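Letters A, B, ... are given to chains in the order of the sequence lines, protein chains preceding strands, and every chain is numbered from 1. Just so it is clear, the structure is predicted and the values come from calculations on it, not from any experiment.
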Amino acid sequence: MKRVVNEQQAVADSSGQKTNAKKLAAKDVHAANLADPSFSKDVIDWQKQHGRHALPWQNTRDAYRVWLSEIMLQQTQVAAVIPYYQRFLQTFPTVESLAAAPSEEVMAHWSGLGYYSRARNLHKCAQAIVAQHAGVFPGDPVILEELPGIGRSTAAAIAAFSYGTRAAILDGNVKRVFARVFGVERYPGEKAVENEMWLRAVALLPATGVEAYTQGLMDLGATLCTRNRPSCNRCPLAQRCIAYATNRTNELPIRKPKKAVPEKSTVMLLIIDDDQILLEQRPDKGIWGGLLSLPEIDAALEPGNADFDVALMRATAAFGVPDSVEKLTEFSHTFTHFKLHITPYRISLARRLKIAGQSSHNWYPLHRMAVAPLPAPVKKLLLTLVHEPDLLSE
DNA sequence: AATTCGTGGTC
DNA sequence: TGACCAAGAAT
């Protein structure tokens with residue numbers, strides 16, 4: 001029977017043997033001690049019989065499709081990705097078509113999926129593949145990792161699924177599986193813990209069959225070794241799982257230390273002229289980077305307040321003369337790391353100036369809001385304005 | 001190395 | 001209903 005070794009003991013074992021293998025780097029000694037061919041065999045056998053085999057980006061070795069899916073799946077659940085993936089692939093069937101597309105169209109197809117730097121980097125990456133790699137994705141994860149938006153884990157997944165390259169992933173699924181199987185009693189977001197897991201990930205790679213192994217780790221994490229109520233009774237790793245043996249699957253992996261979520265406020269202006277609305281492109285840095293959104297002014301300002309009128313005039317001066325100003329129903333939007341209170345004002349223009357505004361400001365037809373590159377809450381607000389305006393009045 | 005990046009589902 | 005978090009990367 002296999003000896004149960006917890007994390008602390010494993011680390012102690014490796015450090016104890018460092019002096020016996022001075023010719024090898026400490027990292028290699030460590031990796032050798034962590035190796036266990038039966039681990040990958042259990043994962044591969046399970047994946048072939050019980051894993052997922054019909055996801056839209058499976059059953060292909062087209063690196064473009066694999067890459068697109070891996071980028072979309074970063075910090076995003078499969079169910080949320082599927083419709084985006086299909087629409088995206090329909091519009092941009094090849095890396096060349098994506099590279100040649102206008103950035104606004106790329107952003108529009110990402111609108112609502114979140115983490116918009118992924119979309120900007122996706123576009124840059126497509127252009128780099130066309131310009132520097134003859135339109136062919138490299139099979140070497142080291143080369144892949146040099147491309148925008150592709151980190152170590154994503155590079156390995158692309159290389160493994162597209163070319164069968166033997167490379168290790170370390171995503172949220174793998175971290176959760178490792179934390180439980182090996183009884184890791186520290187938060188995996190911690191750098192030292194993550195480094196330790198990378199050593200394991202490399203050491204546990206199979207000699208062959210990296211595709212089924214990689215998919216199997218993801219499938220285990222997504223379907224059995226879930227965050228809550230894992231299905232240990234069906235898990236191929238249960239007999240070697242420390243968390244299962246010690247009844248600690250509910251505590252592992254250790255949760256991220258929580259801290260108070262800051263709250264912010266903003267005022268959004270719905271400056272409307274007939275059937276058009278004024279939008280502006282947000283800078284690449286910061287929240288909703290690169291998307292279109294509504295013009296904003298300081299949240300402390302209220303109508304009737306002289307400062308509000310000044311700010312309003314400043315915001316609209318280049319575009320027209322405000323007529324009516326109506327405060328709409330406030331709402332809030334919760335991000336992972338802060339909560340944003342939004343106060344929208346609907347402003348109709350008495351006169352729209354013909355002079356050209358800043359290049360970042362543009363008038364958009366209201367009937368195109370559904371396909372505009374907007375943040376989710378802004379898109380929802382504007383679609384409500386178009387279809388059910390009564391819901392917005394206080 | 002710890003933060004900053006979205007959104008929708010789950011409990 | 002608010003806390004938690006998912007196929008991470010960039011800084």
Side-chain angles (χ1 to χ4, degrees), chain A residues 51-52 55-58 65-85 107 110-122 124-125 144-161 168-177 179 187-195 197-198 201 214-223 225-229 250 253-264 282-291 293 332-340 373-380:
Chain A
R52 296 173 293 184
L55 294 171
W57 42 86
Q58 290 184 308
R65 297 184 178 214
V66 173
W67 164 70
L68 176 61
S69 71
E70 290 301 330
I71 300 299
M72 286 187 166
L73 286 161
Q74 288 169 359
Q75 293 292 285
T76 310
Q77 294 181 345
V78 167
V81 165
I82 288 176
Y84 281 86
Y85 175 81
M107 298 306 291
W110 205 275
S111 170
L113 195 55
Y115 287 136
Y116 298 97
S117 66
R118 292 185 297 174
R120 300 194 305 274
N121 284 331
L122 188 86
K124 287 184 200 166
C125 184
L144 284 168
E145 201 177 340
E146 296 172 359
L147 293 161
I150 301 180
R152 183 175 176 181
S153 187
T154 299
I158 297 169
F161 290 139
I169 62 164
L170 184 61
D171 61 12
N173 289 312
V174 180
K175 286 179 181 176
R176 189 167 53 256
V177 171
Y187 172 54
E190 207 175 313
K191 192 63 178 176
V193 179
E194 189 175 323
N195 289 341
M197 287 189 169
W198 271 116
T214 302
Q215 188 63 51
L217 283 178
M218 292 174 170
D219 291 350
L220 269 179
T223 65
C225 196
T226 48
R227 195 12 164 150
N228 28 321
R229 298 185 51 180
N250 199 35
I254 299 294
R255 288 179 170 79
K256 179 185 180 71
K258 60 178 174 183
K259 57 178 185 180
V261 179
E263 300 192 11
K264 305 179 183 179
R282 300 179 64 90
D284 285 353
K285 302 269 185 185
I287 201 76
W288 298 332
L291 289 179
S293 191
S332 59
H333 182 76
T334 304
F335 297 89
T336 302
H337 48 304
F338 67 93
K339 184 171 184 178
L340 181 64
L374 298 166
V378 175
K379 179 167 287 191
K380 182 179 178 183

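Between A:N173 and A:P148, the residue anchored closer to the 5' end of DNA chain C is A:N173, taking for each the nucleotide with the nearest heavy atom.
In this structure, the side-chain contact (heavy atoms from CB on, under 4.5 Å) partners of A:Y116, at least two apart in sequence or on a different chain, are A:M107, A:W110, A:R120, A:W288, A:L291. With sequence neighbours left out, A:R65 forms a salt bridge (Lys or Arg N to Asp or Glu O under 4.0 Å) with A:D62. Applying the salt bridge (Lys or Arg N to Asp or Glu O under 4.0 Å) test to A:R255 and every residue at least two apart in sequence or in another chain returns nothing. Residues meeting the salt bridge (Lys or Arg N to Asp or Glu O under 4.0 Å) test with A:K379, sequence neighbours left out: none. With sequence neighbours left out, the side-chain contact (heavy atoms from CB on, under 4.5 Å) criterion links A:S69 to A:W57, A:L73, A:Y85. Qualifying salt bridge (Lys or Arg N to Asp or Glu O under 4.0 Å) partners for A:E190, counting only residues two or more places apart in sequence or in other chains: A:R186.
Among the protein residues, A:T334 comes within range of the nucleic acid bases, having at least one heavy atom under 4.0 Å from a base atom. No contact: A:I169 has no heavy atom under 4.0 Å from any strand.
For the C1' atoms, the distance from B:dA1 to C:dA6 is 22 Å, rounded to whole Å. On the P atoms, C:dG2 is 23 Å away from B:dC5, given to the nearest whole Å. Only the C1' atoms considered, C:dA7 is 23 Å distant from B:dA2, to the nearest whole Å.
Boundaries of the chain A contact region on DNA chain C are C:dC4 to C:dA10, first to last in 5' to 3' order (nucleotide atom under 4.0 Å from a heavy atom). Where DNA chain B meets chain A (any atom under 4.0 Å from a heavy atom), the bounding nucleotides read 5' to 3' are B:dA1 to B:dC11.
For A:R176 (side chain) and A:C225 (main-chain N/O), a donor-acceptor pair under 3.5 Å exists by modelled atom type.
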Residues 332-340 of chain A side chain polar contacts: donor-acceptor under 3.5 Å, at least two apart:
none

